[in-house]
Amino acid sequence: MSSETERLVGRLLDSSQGSVTISSTSTSSAQGVKQPSPDGNMSRSVSALEINPDKDKLNRELKERQEKMKARESLKAMQAFREKLPAFKMREEFLKAVAHNQVLVVSGETGCGKTTQLPQFIMEEEISSLRGADCNIICTQPRRISAISVAARISSERGEALGETVGYQIRLESKHSAETRLLFCTTGVLLRRLAQEPELTGVSHLLVDEIHERGMNEDFLLIILRDLLPRRPDLRVILMSATINADLFSKYFADAPMMHIPGFTFPVEEFFLEDVLEKTRYNIQSESDNFQGNSRRRRRQQESKKDPLTEVFENVDIDSHYKKYSTTARQSLEAWSGSELDLGLVEATIQYICRHEGDGAILVFLTGWDDISKLLDKVKINNLLGDTNKFLVLPLHGSMPTVNQQEIFDRPPPNKRKIVLATNIAESSITIDDVVYVIDCGKAKETSYDALNKLACLLPSWISKASARQRRGRAGRVQPGVCYRLYPRIVHDAMPQYQLPEILRTPLQELCLHIKSLQLGSIGSFLSKALQPPDPLAVQNAIELLKTIGALDDKEELTPLGRHLCTLPVDPNIGKMLLMGSIFQCLNPALTIAAALAYRDPFVLPINRKEEADAVKRSFAGDSCSDHIALLKAFEGYMDAKKSGKARAFCWENYLSPVTLKMIDDMRMQFLDLLSDIGFIDRSKGASAYNHYSNDLEMVSAILCAGLFPNVVQCKRRGKRTAFYTKEVGKVDIHPASVNAGVHLFPLPYLIYSEKVKTSSIYIRDSTNISDYALLLFGGNLSPGKNGEGIEMLGGYLQFSSSKSVLELIRKLREELDKLLNRKIKEPSLDISTEGKGVVVAAVELLHNPNIRYHSGPNS
DNA sequence: GAGCACTGC
């Protein structure tokens with residue numbers, strides 16, 4: 001698998017460029033940059049550019065080079081291709097609009113060339129007008145892969161190596177140089193850069209792409225830009241969006257002018273459920289077949305989980321609305337329920353295409369792992385069309401091992417049809433060129449945030465019209481295509497225009513911290529300026545959390561801890577884990593666990609071997625009762641295997657993703673650099689100075705507790721089983737994929753967790769079993785219990801009781817620890833190893849199951 | 001007894 005992965009990555013990076021993470025690129029590689037220039041060879045002229053302060057000369061040189069390059073025979077074909085793009089016809093109009101307006105909104109459909117051509121037009125124009133030296137164009141992209149691939153594409157259109165005039169920068173990876181005039185970066189990179197460069201000094205043009213997707217970073221950037229524009233009258237901002245809601249952005253920027261570029265894709269024919277039923281003759285079984293009478297009416301009576309789109313359909317009179325359709329189709333429509341996906345219908349549609357349509361890959365949009373897995377089984381069991389050699393059925397899901405495999409992109413051999421069963425990863429992140437048929441189930445899993453219960457949710461819901469359009473477009477990339485929608489047209493017509501923006505669907509603590517770090521004023525008033533301001537309760541929850549972990553004070557100002565957290569590009573809780581890990585000499589585990597939590601789970605979820613994958617994860621956890629320790633051990637195993645050149649085999653045998661582990665490894669290095677920058681690490685002291693307790697499970701758990709608090713679960717004995725409770729939502733379940741699922745009796749009374757998500761139930765996704773002492777010493781603030789007895793935490797939700805002397809000891813120790821911590825955080829370079837030793841050793845002793853016993857936790 | 005998708009000088 002790894003070789004495929006490397007090939008894929010190589011392909012994306014334009015393999016001729018080799019691997020990356022450099023900031024200046026040699027000009028001697030790839031497409032023809034060796035072309036002699038007036039001063040001799042190109043590389044000499046480049047170094048001359050870098051040291052030459054004479055702008056006129058630089059302007060002239062840039063222009064000469066551009067003209068020379070354009071005249072080259074090898075670029076003629078490329079130029080002809082560019083001139084065919086719809087964007088090309090708008091070149092002059094676009095440049096005029098940019099020259100005359102500070103903000104311009106450009107809308108365009110896929111295939112119009114807006115992302116590759118518009119930034120390039122600006123650069124060419126600036127260079128031609130002898131303004132090349134002062135031109136510094138930035139174009140943001142929401143995804144890492146598009147930042148790289150667009151930069152690579154433009155470089156080759158210009159006949160240059162990537163990193164010359166066109167470069168890119170994404171987290172942990174960049175390719176640009178002193179001569180770079182056009183930089184593609186992720187929106188996140190630009191937002192980080194704003195901390196150093198709040199006025200974007202030196203940037204001449206900023207293009208923000210894909211704003212119609214309404215990602216949180218993009219919405220955040222737009223608020224900042226609107227405030228910045230009056231202070232930067234020379235800055236030009238170009239907002240790029242799909243056609244669908246361009247006027248929303250124009251209005252937000254004081255009716256900025258809009259420009260539309262028509263798209264070019266092949267036509268895609270569209271069928272809805274009623275047509276699909278007519279074609280396939282598939283018979284939908286009602287969920288209540290035995291029930292006497294009208295099933296639709298029966299469903300109407302089940303008012304519990306009514307969704308408005310299904311309701312729209314149920315209010316239609318089938319016989320009159322669908323009178324042109326056959327009786328069978330009408331009967332099926334009668335039985336159709338929007339609440340459950342009918343896999344038989346999906347299969348029948350696949351079969352119909354295979355029997356009646358021409359060649360071409362089929363892409364099926366499903367909601368998740370479960371659908372994909374079940375459909376895969378069904379197709380295999382039913383031996384689709386009788387001949388398995390004729391079909392290549394591939395699952396495609398972010399957590400499945402296939403996600404990094406080349407097979408997805410390859411054209412299958414003749415007479416073999418590729419069928420990809422995908423989530424909405426195939427909507428914009430992964431593009432499969434040879435798709436001709438799309439089957440759209442109309443739903444996707446979507447995160448939402450329940451501010452009232454402070455609960456993140458992940459539930460299937462109807463997609464937006466924008467998504468539906470995007471899915472359909474996936475069929476028309478190489479030739480005319482067909483899209484089969486497994487829902488009625490009237491349901492489509494009732495779909496919302498766009499998905500709810502991410503800023504309204506997500507917890508906001510990280511965003512709030514970012515607002516403070518960029519000194520954008522009060523959190524509440526800043527966010528009220530958003531395109532669609534988030535629920536004040538969601539904002540309040542975020543602020544409260546930041547106060548609870550000690551990042552903000554009562555006046556919502558950053559504390560010393562909060563200021564450190566701003567420099568770490570992770571969720572504030574994870575940032576705190578990193579700081580605590582470095583202070584309490586558990587650095588390596590903190591780096592690994594923080595990186596994995598911030599990025600993604602390295603364990604893959606193979607479709608056929610989930611039991612084996614489960615068992616492997618459990619074996620990594622040992623008897624720690626901790627998913628975080630399982631992560632840690634898996635990563636350590638990977639690093640050991642890597643040393644002996646066996647990383648691939650190790651990943652394969654242990655159901656781990658090599659790509660994810662590599663990213664985790666790189667992120668650890670970034671964290672180390674940042675911790676060193678802010679003074680928490682002194683590299684001259686060597687790694688051992690920060691890892692004294694790295695193999696001490698109790699201490700590592702305590703650091704997890706320090707970072708993840710207030711995410712605490714109480715484990716209450718209920719006979720032979722254990723029940724789990726959190727402060728916010730009461731009873732919760734341990735996620736079945738957790739190593740703690742099925743554990744009936746925990747050695748310790750609490751779990752600390754990083755993620756609680758409502759899906760089919762409220763699940764704790766990953767957890768670590770911790771003691772009272774971990775909470776008392778490293779958790780939230782202690783307050784005196786009611787009646788002056790015991791100790792409380794989380795406003796009385798957690799209660800600890802013991803003898804006066806023990807409680808007094810704990811209070812004292814905690815006080816000393818806090819003092820030490822506060823001094824260290826105010827002055828990170830302070831060496832506390834000597835003066836703090838006594839306190840830390842005492843804490844470690846207490847964590848190691850001491851003889852001191854007391855009753856704790858809830859009355860059980 | 002179950003895992004949409006992104007992102008970070």
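This is a predicted model, so every value here is computed, not measured. Every chain is numbered from 1, with letters handed out A, B, ... down the list of sequences.
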Nearest-Å distance for atom pair [atom1]/[atom2], residues [X] and [N]:
| X | N | atom1 | atom2 | answer |
| --- | --- | --- | --- | --- |
| A/I574 | B/dT7 | CD1 | C1' | 13 Å |
| A/D677 | B/dC9 | CG | P | 12 Å |
| A/N424 | B/dC6 | CG | C1' | 11 Å |
| A/D766 | B/dA2 | CG | P | 17 Å |
| A/E213 | B/dA5 | CD | C1' | 10 Å |
| A/I425 | B/dA5 | CD1 | P | 5 Å |
| A/I372 | B/dA2 | CD1 | C1' | 14 Å |
| A/I762 | B/dG3 | CD1 | P | 13 Å |

Problem - Modelled atom types, side-chain donor and acceptor of A/T431 and A/R474, under 3.5 Å - result: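 Their side chains do contain a donor-acceptor pair, which is all the 3.5 Å distance test asks for.
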Does [N] have its OP1 or OP2 closer than 4.0 Å to a side-chain nitrogen or oxygen of [X]?
| X | N | answer |
| --- | --- | --- |
| A/T423 | B/dA5 | yes |
| A/T759 | B/dG3 | yes |
| A/Y599 | B/dT7 | no |
| A/H735 | B/dG3 | yes |
| A/R600 | B/dC6 | yes |
| A/Q670 | B/dC9 | yes |

Practice task
Go through the N and O atoms of the side chain of A/D614 and the base of B/dG1, and report whether any donor-acceptor pair is under 3.5 Å.
Solution key: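 Checked by distance alone, the answer is yes.
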Practice task
Specify the residue among A/E502 and A/V189 whose closest nucleotide of DNA chain B lies further upstream toward the 5′ end.
Solution key: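 Going by which nucleotide is closer to the 5' end, it is A/E502.
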Problem - Most 5' of A/R193 and A/S760 on DNA chain B, judged by nearest nucleotide - result: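 This one resolves to A/S760.
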Exercise for the section: May I ask you to decide whether A/D450 forms a salt bridge with A/K758, counting only side-chain N to carboxylate O separations under 4.0 Å? Expected result: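 Result for this pair is no, no salt bridge flagged.
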Handout entry: Test: A/D614 and A/K610 ion pair at under 4.0 Å
Key =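 Looking at A/K610 together with A/D614, the answer is no, because their closest N to O distance does not fall below 4.0 Å.
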Exercise for the section: Please check if atom CZ in A/R683 has more than 12 non-hydrogen atoms from other residues, nucleotides or ligands closer than 6.0 Å. Expected result: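 Yes - once you tally the heavy atoms of other residues, nucleotides and ligands closer than 6.0 Å, there are more than 12.
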Problem - Neighbour count above 12 (heavy atom, 6.0 Å) for A/R469 CZ - result: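 Incorrect, the count does not exceed 12.
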Practice task
Keeping the roles fixed (side chain from A/K465, backbone from A/M495), state whether a donor-acceptor pair exists under 3.5 Å.
Solution key: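 Present.
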Nucleotide nearest [X] (side chain, heavy atoms from C-beta), chosen from [options]:
| X | options | result |
| --- | --- | --- |
| A/S429 | B/dC6, B/dA2, B/dT7 | B/dC6 |
| A/R143 | B/dC6, B/dG1, B/dG3 | B/dC6 |
| A/D370 | B/dA2, B/dT7, B/dG3 | B/dG3 |
| A/R144 | B/dC9, B/dC6, B/dT7 | B/dT7 |

Just checking [X]: base, sugar-phosphate only, or nothing, at a heavy-atom cut-off of under 4.0 Å?
| X | value |
| --- | --- |
| A/E446 | nothing |
| A/L190 | nothing |
| A/G368 | sugar-phosphate |
| A/H514 | nothing |

